[in-house]
Amino acid sequence: MEIAALVLAAGEGTRMKSDVPKVLHPLLDRPILAYPLDCIREAGITRAVVVIGHGADRVESYLSTRGVEIAVQDSQLGTGHAVMSAASLLEGFEGTVLVVSGDTPFLRSDTVRALAEHHVARGAAATILTSRPPDPHGYGRIIRDESGNVTKIVEHKDATKEQLAIAETNSSIYCFEAARLLPAVGKLDTNNVQGEYYLTDVIELLVEAGEVVAAFETEDRTETMGINSRAQLAEALSILQRRINDRWMEEGVTIMAPDQAWIGKDVTIGRDTWVGPQTLLLGSTSIGRGCTIGPNAQVIDSVVGDAVLIEQAKVRESRIESEATVGPFCSLRPGTVLGTGAKAGTFVEMKQTEVGAGAKVPHLSYMGDATIGEGANVGAGTITCNYDGVHKYPTVIEKDAFIGSDTMLIAPVRVGEGAVTGAGSAISKDVPPDALAVERGEQKNVEDWAKRKRSTGDGKKQANG
Ligand code: UD1
Ligand code: CA
């Protein structure tokens, strides 16, 4: 059976009251639209057409990396009209069209496959994925005749009181035979409360034409949830959060407060890792075994080894080898690599910096465009002056070097293996291996100066003032 997916994503999402197209609102670490697209791919469907319209430029730019075809619906005249907008792309396609709403993030690939199988087994022209959500408000209702056959779908806004009492709802996910769908869509009208071309009306048209229309119900009551408002977005986030966290707890991860930890769908975590409150692990992050992550940690698109400690920190596009420690109050920006057992400590910022195994930057430092050799120690308050306002320059601190506190490393500069810099030095010239580099005025001690000061009125004034 040949299947092409048709994803409806042109609507404005009026109920979001937003300048951002609804399907681009983030749900955890990716736009809502990413979820149905992932599901389609996981179901093994390689052809997807996405109908865009409202905020088309932004949606199209998101889609540019997704390998989909794009149909533009110039004005959003309803879900039926959205399908019409893709007609030219589907012209001549003989297989099954899986219609999916771009605002339905929880659809599972198993369900898509089961829906398609049911559709084929029934030899149907259309098969509707239905469900019985806890709160059916806003969803179209499935109308059946006395023998239980589907006769039509009635939208919430068009439904009578009796129809609103029906628990079975339309998920807006369907299989259609392309050859039946396109002619039927062409016959839609706008005789309804919203004055739109409803895709749902195709069902009644097909039934009237004597076609087989089937329904396939999913047991998972959240799977078909559509996001129409900010409240539903928040609800969807908490459902997603619970699902993902439950899965990791089952895999042997401790999550201290599961409602205060957010873990993206693609993140992986090793067993015996502890995840603290107010922690976000997002994007393509992987965390090893036995780590302590949080409280208050954000790790995004990063690779973390085993037994790593990350507390009160933000880590982006970085790699942290086993047994390294990060934080508290630390920011590791893109391109940072911490070697085995290395340390980026309190109030430390790093960018594009490689720290060798066992090397330490424990306090109050900025390391940018730096390479720090194994076992080196960077004293408190040390800063790489890597930027002259125009260009960025590298700093190299070789193996086992000892950088005195409050050293300014004025790049480009190299401190040789085993060399030492004196505290408070501004180092602008390379330091040979094993040398001491000091750059500061000599200290002068004036004997009894303070005592004399205290014995004059002047001194008192100063001491009080
Ligand atoms: C739709 C269904 C409803 C179903 C519900 C499930 C219709 C008429 N109603 O209602 O039966 O229970 O989904 O979530 O189909 N879209 C376009 N172009 C448009 C209008 C909408 O592409 O002109 C897209 C939207 O971006 C959205 C999807 O179609 O992704 C559904 O539209 P929405 O307005 O959310 O429909 P609902 O009112 O939720
Ligand atoms: Ca919807």
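Indexing begins at 1, ligand by ligand and atom by atom, following the structure's order.
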Numbering as shown, the atoms of ligand 1 that approach S101 to under 4.0 Å (heavy-atom distance): 28 (C), 31 (C)
Shortest protein heavy-atom distance from atom 18 (N) of ligand 1, along with the residue and atom involved: Q73 OE1, 2.7 Å
Heavy-atom neighbours of R319 CZ exceed 12 at 6.0 Å: no
For atom 12 (O) of ligand 1, closest protein heavy-atom neighbour: N170 O, 2.6 Å
Closest protein heavy atom to atom 22 (O) of ligand 1, given as residue, atom name and distance to 0.1 Å: A10 N, 2.8 Å
Side chain proximity check, I244 to L28, heavy atoms < 4.5 angstrom: yes
Atoms in ligand 1 with a heavy atom of D103 nearer than 4.0 Å: 30 (O), 35 (O)
Nearest candidate to atom 1 (C) of ligand 1, where distance is taken over non-hydrogen atoms, out of S172, A82, P136, G80: S172
Residue and atom name of the nearest protein heavy atom (relative to atom 23 (O) of ligand 1), distance in Å to one decimal: G78 N, 2.8 Å
Vertex the Ca ion (ligand 2), arms to D103 OD2 and N228 OD1, rounded to 10°: 80°
Option among H119, H118, E177 that satisfies the side chain to side chain donor-acceptor pair (under 3.5 Å) test with T127: H119
Atom 26 (O) of ligand 1: the protein heavy-atom neighbour that sits closest, reported with distance to 0.1 Å: G11 N, 2.8 Å
Sub-4.0 Å heavy-atom approach of L77 to ligand 1: yes
The one among L129, T130, T79, I153 that brings a heavy atom closest to atom 7 (C) of ligand 1: T79
Q312 and N296 side chains, donor-acceptor separation under 3.5 Å: yes
Subset of ligand 1 atoms that lie under 4.0 Å from at least one heavy atom of Y198: 8 (C)
Enumerated ligand 1 atoms positioned under 4.0 Å from heavy atoms of G140: 3 (C), 4 (C), 11 (O), 12 (O)
Closest approach of any protein heavy atom to atom 14 (O) of ligand 1, naming residue and atom: Y139 CE2, 3.7 Å
Where ligand 1 meets N228 - atom numbers and elements under 4.0 angstrom, heavy-atom basis: 35 (O), 39 (O)
Ligand 1 contact by G53, heavy-atom criterion under 4.0 angstrom: no
T200 to ligand 1, any heavy atom closer than 4.0 Å: yes
Mode of H81 contact toward ligand 1 - side chain, backbone, both, neither (heavy atoms, under 4.0 Å): neither
Main-chain N/O of D145 paired to T151 side chain as donor or acceptor, under 3.5 Å: no
R180 side chain near E211 side chain, heavy-atom distance below 4.5 Å: yes
Side chains of E223 and T111, donor plus acceptor under 3.5 Å: yes
Atom 29 (O) of ligand 1: any protein heavy atom closer than 4.0 Å: yes
From R15, H156, K22 - option closest to atom 37 (P) of ligand 1 by heavy atom: R15
Any side-chain heavy-atom pair of L115 and C175 under 4.5 Å: yes
Residues, nucleotides or ligands: over 12 heavy atoms within 6.0 Å of M249 CE: yes
Parallel, tilted or perpendicular: ring planes of F347 versus F329, cut at 30 and 60 degrees: parallel
Any N/O pair L8/ligand 1 closer than 3.5 Å: yes
E155 and ligand 1 - part of the residue with a heavy-atom distance under 4.0 Å: side chain
Expected output: side-chain Y139 to main-chain G226 donor-acceptor under 3.5 Å: yes
Any donor-acceptor N or O pair under 3.5 Å, side chains D158, N192: no
Geometric cation-pi criterion, R122 with F216: 6.0 Å, 45°: no
